[in-house]
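Step one of this worksheet: look at the structure below.
Each chain gets a letter, A, B and so on, in the order the sequences are listed, and its residues count up from 1.
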Amino acid sequence: MSWYPLGRVVGGTVFPGIMLTAGSLYFFLKKIVRITVNIKHVCVFMGPFFASNASLITYLFTKEVSKDYGAGLISAVMIAIVPGYISRSVAGSFDNECIAIFALILTYYLWLKAVNTGSMFYAASCALAYLYMVSSWGGYVFIMNLIPLHAFVLILVGRYSRRLYVSYTTLYILGTLLSMQVPFVGFQAVQSSEHLAGMGIFGLIQLVAAVKYVKSILGEKYFKLFLKILGFIAVSILVLFVAVGLATGYIAPWTGRFLSLLDPTYAKKYIPIIASVSEHQPTAWSSYFFDLQSLVFLYPVGLYYCFKNPSDSKIFLILYAVTSTYFTGVMVRLMLVLAPICVILGSMALSNMFKLFAYKIREFDEEDKKKKKAQSKKPTNQKKKKKTEQNKIFNLGYIAATLMIALLTALFISYIFHSIWVTSEAYSSPSIVLAAKGYDGNRIIFDDFREAYYWLRQNTAPDAKIMSWWDYGYQITAMANRTVLVDNNTWNNTHIGTVGKAMVKTENISAQVMEQHDVDYVLVLFGGLIGYSSDDINKYLWLVRIGGTVDPSIKEEDYLNSRKEFRVDSQGAPSFLNSMMYKLCFYRFWEVKTEGNKPSGYDRVRNTVMGNQNYELEAVEEAFTSEHWIVRIYKVLKKENRK
Amino acid sequence: MSKKLNFLESSFCKVLRPPQLNLRIIKPSSMAVFAFVLFALFIVFAGVIYDLIVEPPSIGVEYGFGNERPVTILKGRLNSQYIFEGIDGALFYLLGSIGLILIDQALTKERREKYGKIMFYTGVGLFACSFVIIIFFIKLKVPGYLKR
């Protein structure tokens, strides 16, 4: 159980798509194909399975947009190994994103098919794919805002047509009705501000269609008059609707996570939990190259080709590219959404450039054949043509064209090598078993997490309650099989703030909070012995900020010293050196010699000697410390008899 | 029908007087919009949003031999940067793309032969040099890039 003592309504706070997909695959294999597999294997391999499906869909998508088989093939190869997507779809990564990106590309492909052909069949299939997307990931809001934006831009640019009307109307109605079937979304689909754009553009497109119909009936003179009156009425109704909706609170404003995409500084000031997740950090320039390699160069070239010969689908690609680049700049985790569009545009660009040079080579072959034919015939009198034309297309030599094709192929090959290196080094280490290279190059394994969780599983009462920071909640619930106070779902920020307050205050106040929540054991992470830098002391300031949202007396300045530094040695702030987290992490560390030439109690992560030494713990006693001191578990003592 | 519409318009005009607007619909050419999009891409690739939130220093400092030397690139960590370093990286990304666009322009539009040649070779040179420079920068940032 988690979130003791509150509990959590799992049906209403979770996206069911990935569980349903894994269950259906397992059922299909077991009952229909009659192969017995363990459900664990199905879950582990779902990531790669859906990534290969995404590769197939990307081929269809690119072929639909660019009418070019070559570009489709290149895009299928590139999306299969692009590091930005592979990071979330390796085997073993059973998270929402592994099916969400497949559903995203499928929805967009069916939408473009619907817009290009105007058939209601494709629009209805798009609505079904949209339902699959809604049930998989919170990022469905991106689809529900990009498709209306596309429709709006098409109307603006003057590309309104009957096909657009049919596809958007069908998709909006069916899609909204279907998305309301998912319990997590429910009535949010018509109430929250994130879905308002779709409704607004729906009204607008009905208006545009009605106006065009009326224009065909009325004459020119009366049409202008009609337009004036209609415009006035429509705008006033819209303003009234929005004002009443916002004033009565029926329309909810933008919620935290999505508002922090529009205003990146919002989360830093008001919601520290969202700002603390390392995936939500903004992106630096090098992450683009690391996750996309040659695609960062080919991506603007693809955009250039889209601007050169615009069509309905290419305008959609431009909008998708621009919006997803901005959102990726705000959160590094959304590189996942940028990867498919980079692949599509990059493959269009690469295919076009290949074709340019390949046609030159083919022209040379044909010229050679023509010259041989001309030589075999009788030489006729040819008038010398005057060199009248000064403007002609630059005639590339045969050798230069071949060299350019070789260069582009080398670029493609370097992309493959880069993707393989990145995947093997950065995106395929399990996060529960740490590995490091020793002095002589051999690998040392740190298995402390599993050791500690199995100790908890085997040596504590079955109804014991564990207090730890929310990062480890899922792991404790699954591997130690014990109740936790807070876990990774982070749906209740005040409960997490209470845990933060308990860790950050002194031992007396912490003991009171722990008694209120019936806590039996406390678990902390400490990396000072081996130099593991993602331990709880490095996260300490985030605990302070999040605890400060619950208890206003916790201020970040109290935990920094007079020079505004966060230090662990004797120059650290006294409220930090006496806090519960410090005492739990560094208990008995003063007896340990970590490096030969340094005094005992030398912290290898912060590179200083610990400040507060030789203290006693009153409210807790040490229960377990793992082999390399990474995980430390303390048992909460019962209060002494009153005197 | 026309009488009713005229009556509607005259009554509407008695209550509110619509202003005399001289509105022109501005239609920019597609290449102008593309140039604007490239500029926006430059801003985002440079990590300006990262700079706004994390507020890193503009250049780093290295202490040695009793004096301070400026350091452009933050070594060792992948998802952090100095302000200048971000602008540097985005500049080379854009130059590489512009090189490829120049190659395409050289081979598909009719112009004087001299200019076609210059555009083509400039494009190839720009793209090749930008790619090599970016790989050099990344090797500084990520130790052991492309090594086992």
Taking side chain as everything from C-beta outward and backbone as N, CA, C, O, which of these in [X] sits under 4.5 Å from a heavy atom of chain B? Side chain, backbone, both or neither.
{"X": "Val422(A)", "result": "neither"}
{"X": "Lys308(A)", "result": "both"}
{"X": "Val322(A)", "result": "side chain"}
{"X": "Leu356(A)", "result": "side chain"}
{"X": "Ser414(A)", "result": "side chain"}
{"X": "Ile318(A)", "result": "neither"}
{"X": "Val296(A)", "result": "both"}

Can you say whether [X] sits under 4.5 Å from chain A via the side chain, the backbone, both, or neither, judging by heavy atoms?
{"X": "Leu38(B)", "result": "side chain"}
{"X": "Val124(B)", "result": "side chain"}
{"X": "Leu107(B)", "result": "both"}
{"X": "Val37(B)", "result": "side chain"}

Heavy-atom side-chain contact between Val153(A) and Phe316(A) under 4.5 Å: no
In short, Val71(B) meets Ile73(B) closest at the heavy-atom pair CG1-O, 3.4 Å
Chain A shares the most heavy-atom pairs under 4.5 Å, among Ser97(B), Gly86(B), Ala46(B), Ser30(B), with Ser97(B)
Given Gln105(B), Lys114(B), Lys27(B), Met119(B), the one with more heavy-atom pairs under 4.5 angstrom with chain A than any other is Gln105(B)
Per-residue tally against chain B (heavy atom, under 4.5 Å) across Val330(A), Thr283(A), Val157(A) peaks at Thr283(A)
Looking only at Ser286(A), Ser287(A), Gly329(A), Gly158(A), most heavy-atom pairs under 4.5 Å shared with chain B are made by Ser286(A)
- Task: Determine the interplanar angle of the Phe297(A) and Tyr93(B) rings, folded into 0 to 90°, and report it as parallel if under 30°, tilted if 30 to 60°, perpendicular if over 60°.
- Result: perpendicular
Counting only heavy atoms from other residues, nucleotides and ligands, does the tally under 6.0 Å from CD1 of Ile399(A) exceed 12? no
Side chain of [X], backbone of [Y]: donor and acceptor closer than 3.5 Å?
{"X": "Gln81(B)", "Y": "Gly47(B)", "answer": "yes"}
{"X": "Lys141(B)", "Y": "Ser80(B)", "answer": "yes"}
{"X": "Gln281(A)", "Y": "Asn79(B)", "answer": "no"}

When Phe45(B), Phe92(B), Tyr50(B) are each screened for ring pair (Phe, Tyr, Trp, His ring centres under 6.0 Å) with Tyr288(A), the one that passes is Phe45(B)
- request: Would you check, one step at a time, whether the test side-chain contact (heavy atoms from CB on, under 4.5 Å) holds for Thr72(B) with Phe137(B)?
  value: CA-CA 10 Å; Thr72(B) 324; Phe137(B) 281 174; over 6 Å; no
